[in-house]
Amino acid sequence: YNCLNEMKRLLFLLLASFTLPNAVNANEKVLSEMSDIETNKILLGQVLSVCYAVDRNHITMKQKIDMLGFALNLHERAHGNKQTIEEDMMNSIGKVLDIFPDCFPEVKKTK
């Protein structure tokens, strides 16, 4: 059981090492050329991934917070329409709550 968890952790770190450098070194010009629809889809995917990892106990609460902070920061930098950014973030989080209702216990979803 410990070996399987360690293997999952190493696989997760390996996957992160492939994607993280590209995101961290993302050129501002590339980010500004992304549409709001693209940035919203990226945020949705990142938040879904984080909540999946939380649901499966693959990451700690600190890692969840770090990863969500990174996703929200990237979304804010890439999002072109600053007037709708908060609404777009909340829409993405709402979609994730439909699938993982316990991912954000601090957020209450209203129907």
Side-chain angles (χ1 to χ4, degrees):
Y1 182 73
N2 270 346
C3 183
L4 182 60
N5 283 340
E6 187 65 23
M7 193 180 304
K8 287 179 186 177
R9 188 172 138 305
L10 289 173
L11 179 60
F12 181 74
L13 290 172
L14 179 64
L15 290 173
S17 72
F18 289 132
T19 58
L20 192 57
N22 292 334
V24 171
N25 297 325
N27 182 321
E28 287 295 326
K29 183 178 178 187
V30 172
L31 290 176
S32 67
E33 292 174 357
M34 294 173 66
S35 73
D36 289 347
I37 292 171
E38 290 171 316
T39 61
N40 293 338
K41 286 180 180 181
I42 291 169
L43 177 64
L44 178 61
Q46 289 175 308
V47 176
L48 277 170
S49 297
V50 170
C51 289
Y52 178 82
V54 167
D55 186 63
R56 300 294 191 258
N57 293 317
H58 295 310
I59 61 174
T60 65
M61 186 58 68
K62 181 181 180 336
Q63 290 168 323
K64 171 188 166 184
I65 292 167
D66 288 346
M67 292 173 74
L68 289 174
F70 176 79
L72 293 172
N73 186 9
L74 182 64
H75 183 257
E76 187 175 337
R77 287 183 26 228
H79 202 280
N81 187 347
K82 300 305 178 199
Q83 296 170 335
T84 63
I85 191 168
E86 187 174 318
E87 180 182 346
D88 289 342
M89 284 180 178
M90 293 311 294
N91 284 337
S92 291
I93 290 171
K95 290 176 184 177
V96 172
L97 285 173
D98 288 339
I99 300 168
F100 297 104
D102 298 328
C103 189
F104 302 103
E106 59 278 359
V107 176
K108 302 291 182 214
K109 179 152 182 176
T110 58
K111 295 209 176 201

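Note that the structure is predicted; figures quoted are calculated from it, not measured. One-based numbering along the sequence shown.
- If you take CD1 on Ile99 and CG on Leu44, they are separated by 7.5 Å, rounding to the nearest 0.5 Å.
- Residues Lys82 and Glu76 approach most closely at NZ-O, 2.7 Å, considering heavy atoms.
- Using cut-offs of 30° and 60° on the angle between ring planes, the pair Phe100 and Tyr52 is perpendicular.
- One distance of note links CG of Asn73 with NE2 of His75; it measures 11.5 Å at 0.5 Å rounding.
- At distances below 3.5 Å, not a single donor-acceptor pair connects side-chain atoms of Lys95 with backbone N or O atoms of Leu48.
- Between the Asp55 side chain and the Cys51 main chain, no donor and acceptor come within less than 3.5 Å of each other.
- Leu68 contributes atom CG, which lies 7.5 Å from atom CD1 of Ile93 (distance to the nearest 0.5 angstrom).
- Closest approach of Ala78 and Thr39 over heavy atoms only: CB-CG2, 3.4 Å.
- Between atom SG of residue Cys103 and atom NZ of residue Lys64 there is a gap of 4.5 Å, rounded to the nearest 0.5 Å.
- Within the 3.5 Å criterion, the main-chain N or O of Thr84 finds no donor-acceptor partner in the side chain of Glu87.
- Residues Met67 and Val47 fail the side-chain proximity criterion, which asks for heavy atoms closer than 4.5 Å.
- No side-chain heavy atom of His79 sits under 4.5 Å from any side-chain heavy atom of Leu43.
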